[in-house]
There are 2 protein chains.
Amino acid sequence: MQFSSVLLENAVNEFAKLPGIGKKTALRLVLHLLKQDNGSVLHFSDSIAKMRSEIKFCNRCFNVADGDICSICANSLRKQDIICVVESIRDVIAIESTQQFSGTYHVLGGIISPLDGIGPDQLHIEALVNRVEKEQTAELIFALNPNIQGDTTIYYIQKKLQPYAVNITTIARGIAFGGELEYADEMTLARSLQNRLPVEKYVSHR
Amino acid sequence: MQFSSVLLENAVNEFAKLPGIGKKTALRLVLHLLKQDNGSVLHFSDSIAKMRSEIKFCNRCFNVADGDICSICANSLRKQDIICVVESIRDVIAIESTQQFSGTYHVLGGIISPLDGIGPDQLHIEALVNRVEKEQTAELIFALNPNIQGDTTIYYIQKKLQPYAVNITTIARGIAFGGELEYADEMTLARSLQNRLPVEKYVSHR
């Protein structure tokens with residue numbers, strides 16, 4: 001693409017570095033911003049720069065926070081002795097959106113994946129074990145993506161937690177609501193048969 | 001969506017204001033930026049703020065420019081007496097990408113569209129007429145989108161230019177390369193039959 005302005009070209013190139021945004025989309029976004037007034041574009045660029053430079057990570061659960069402790073850990077109405085272990089901040093947002101969980105989180109920052117060079121030491125696993133020991137956590141719920149790496153991570157952490165009297169669970173695997181049986185893979189279908197629920201329990205959840 | 005950080009929420013909301021970007025995509029982009037180092041995110045936000053506050057529009061053709069005159073108007077190798085009239089900056093970039101045009105441009109900033117409340121006075125039509133008069137332009141090529149508004153704009157400008165000895169043309173309408181005859185609309189097909197080309201001319205263009 002040929003631009004007659006270096007300023008425009010720089011802005012387009014910066015946008016095109018974002019995931020899933022090509023040159024044409026980048027140009028569309030930049031020309032949109034060019035049509036907005038100066039103030040709102042400054043507001044846009046400021047909010048991004050500020051987010052990156054001022055955001056902190058919670059000392060306790062490694063979720064994003066505006067201070068030393070995130071708003072979930074600081075909320076006394078939430079059950080502080082229940083910890084939901086997730087891979088990333090994105091999962092915290094997804095679970096919070098369900099409004100069905102009133103405990104706290106622990107963000108691992110990834111999952112154990114030797115092929116990608118990610119071992120237990122790069123994740124916040126030691127902090128989790130220390131937390132369970134110090135806080136005498138009652139229940140630990142694993143909400144990791146259902147794949148080999150997720151299962152390995154669960155197995156590793158569970159081994160580490162054996163000395164402590166914490167109840168360890170994992171979110172249910174099964175056929176997704178609205179899914180169709182015939183298109184489910186065999187492993188999911190087999191697991192959902194093994195872990196079948198009494199109907200009263202299922203009905204009471206609806 | 002529930003965020004545990006106001007900084008994160010602000011950044012996501014700002015991204016979600018861009019056209020074609022919803023909340024989930026905005027979150028994905030913001031979390032991507034959060035993973036980058038501080039310097040490159042500052043570079044991203046600076047390039048956007050700078051683009052909006054420092055970019056200028058060419059005094060002559062209203063294309064984007066870094067100074068008073070855009071790089072195309074300032075280029076003495078380009079034929080300054082041929083003007084290609086386009087709707088927006090985007091069209092300039094599209095035509096420049098073909099590398100087939102060596103004249104200059106005139107960006108109208110829109111097309112006449114009474115339904116959207118856009119009349120000739122909101123566009124850079126007077127500047128175009130003055131330019132043709134002053135510069136004794138040899139040829140004016142209309143490269144507007146082929147629709148009623150585009151044709152109205154062509155008709156209006158052509159009337160205004162009647163006193164001047166300028167040769168007025170429009171880019172060819174017809175079946176697009178790679179298009180299929182059976183799916184072409186009747187108007188396009190009818191026009192491409194009326195304006196048929198001698199085969200020698202077609203072959204020489206390839």
Side-chain angles (χ1 to χ4, degrees), chain A residues 1-15 17-21 25 27-34 36-38 40-56 58 61 63-66 70-73 88-90 92-97 99 105, chain B residues 1-15 17-21 25 27-34 36-38 40-56 58 61 63-66 70-73 88-90 92-97 99 105:
Chain A
M1 256 188 245
Q2 311 266 336
F3 300 95
S4 54
S5 155
V6 178
L7 291 165
L8 187 78
E9 190 170 356
N10 285 344
V12 170
N13 286 341
E14 284 294 323
F15 258 111
K17 283 182 193 165
L18 296 175
I21 294 194
T25 310
L27 177 65
R28 195 162 53 89
L29 297 178
V30 168
L31 290 181
H32 170 84
L33 287 174
L34 196 56
Q36 310 303 305
D37 61 283
N38 210 337
S40 63
V41 175
L42 272 182
H43 200 262
F44 172 80
S45 65
D46 275 357
S47 73
I48 290 154
K50 215 173 156 189
M51 183 274 298
R52 181 62 192 83
S53 56
E54 293 183 15
I55 219 164
K56 289 179 180 161
C58 177
C61 74
N63 186 10
V64 285
D66 293 335
C70 78
S71 57
I72 295 172
C73 285
S88 75
I89 302 155
R90 211 179 298 216
V92 174
I93 294 167
I95 296 175
E96 281 299 285
S97 297
Q99 300 189 309
Y105 293 91
Chain B
M1 256 190 244
Q2 311 265 336
F3 300 96
S4 55
S5 155
V6 178
L7 290 166
L8 187 77
E9 190 170 357
N10 285 346
V12 170
N13 286 341
E14 285 293 323
F15 258 111
K17 282 183 194 166
L18 296 175
I21 294 193
T25 309
L27 177 64
R28 195 162 53 87
L29 297 178
V30 168
L31 290 181
H32 169 84
L33 286 175
L34 196 56
Q36 309 303 306
D37 61 284
N38 210 337
S40 64
V41 175
L42 273 183
H43 201 261
F44 173 80
S45 64
D46 274 358
S47 73
I48 290 154
K50 214 172 156 192
M51 182 274 297
R52 181 61 192 86
S53 57
E54 292 182 16
I55 217 164
K56 289 178 181 164
C58 177
C61 74
N63 186 12
V64 284
D66 293 333
C70 78
S71 58
I72 295 172
C73 284
S88 75
I89 302 154
R90 209 179 301 217
V92 174
I93 294 167
I95 296 175
E96 282 299 284
S97 297
Q99 301 188 310
Y105 293 92

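In what follows, chains carry the letters A, B, and so on, assigned in the order in which the sequence lines appear, proteins first and then strands, with residues in each chain numbered from 1. What you see is a predicted model; the values in this text were computed from it and never measured.
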(message) Counting heavy-atom pairs closer than 4.5 Å to chain A, which one of B:L29, B:V12, B:N10 comes out on top?
(response) B:L29

(request) Could you tell me which portion of B:Q36 (side chain, backbone, both or neither) has an atom closer than 4.5 angstrom to a non-hydrogen atom of chain A? (result) backbone

(message) Under 4.5 Å from any heavy atom of chain A, what part of B:V92 do you find: side chain, backbone, both or neither?
(response) neither

(request) Side chain from CB out, backbone as N, CA, C, O: work out which of these in A:L42 comes under 4.5 Å of a heavy atom of chain B, or both, or neither. (result) side chain

(request) Tell me, for B:L31 versus chain A, whether the close heavy atoms (under 4.5 Å) come from the side chain, the backbone, both or neither. (result) side chain

(request) Drop me the distance from A:Y105's OH to A:C70's SG, to the nearest 0.5 angstrom. (result) 10.0 Å

(message) If I measure from the heavy atoms of chain A, does B:N38 come under 4.5 Å with its side chain, its backbone, both, or neither?
(response) both

(request) Please confirm whether the backbone N or O of B:V6 pairs with a side-chain atom of A:D66, one donor and one acceptor, at under 3.5 Å? (result) yes

(request) Could you tell me whether a side-chain N or O of A:S53 sits under 3.5 Å from a main-chain N or O of A:A49, the two making a donor and an acceptor? (result) yes

(request) Find the one option among B:S71, B:P19, B:S47 whose heavy-atom pairs under 4.5 Å with chain A are most numerous. (result) B:P19

(message) With a 4.5 Å cut-off on side-chain heavy atoms, are B:I72 and B:C61 touching?
(response) no

(message) Can you tell me which of B:A11, B:S4, B:S97, B:S88 forms the most heavy-atom pairs within a distance under 4.5 Å of chain A?
(response) B:S4

(message) For A:N13, which atoms come within 4.5 Å of any heavy atom of chain B: side chain, backbone, both, or neither?
(response) neither

(request) Start with the C-alpha distance between A:L34 and A:V41, add both sets of side-chain angles, then the distance that settles side chain to side chain contact (heavy atoms under 4.5 Å, CB included), and finish with yes or no. (result) CA-CA 8 Å; A:L34 196 56; A:V41 175; over 6 Å; no

(request) Using non-hydrogen atoms and a 4.5 Å limit, figure out which bit of A:L27 sits close to chain B: side chain, backbone, both or neither. (result) side chain

(request) Name the region of B:I93, side chain, backbone, both or neither, that has any atom closer than 4.5 Å to a heavy atom of chain A. (result) both

(message) I need the A:T25 OG1 to B:I21 CD1 distance, nearest 0.5 Å.
(response) 8.5 Å

(request) Pick one of side chain, backbone, both or neither for B:D46, based on which atoms fall under 4.5 Å of a heavy atom in chain A. (result) neither

(request) Could you look at A:A65 and say if it's the side chain, the backbone, both or neither that has a heavy atom under 4.5 Å from chain B? (result) backbone

(request) Between chain A and each of B:M51, B:Q99, B:K56, B:E96, count heavy-atom pairs under 4.5 Å; write down the option with the most. (result) B:M51

(request) Please state whether the rings of B:F44 and B:F15 are parallel, tilted or perpendicular, taking 30° and 60° as the class boundaries. (result) parallel

(request) Report the option among B:R28, B:R52, B:H32 that has the most heavy-atom pairs separated by less than 4.5 Å from atoms of chain A. (result) B:R52

(request) Using non-hydrogen atoms and a 4.5 Å limit, figure out which bit of A:S40 sits close to chain B: side chain, backbone, both or neither. (result) backbone

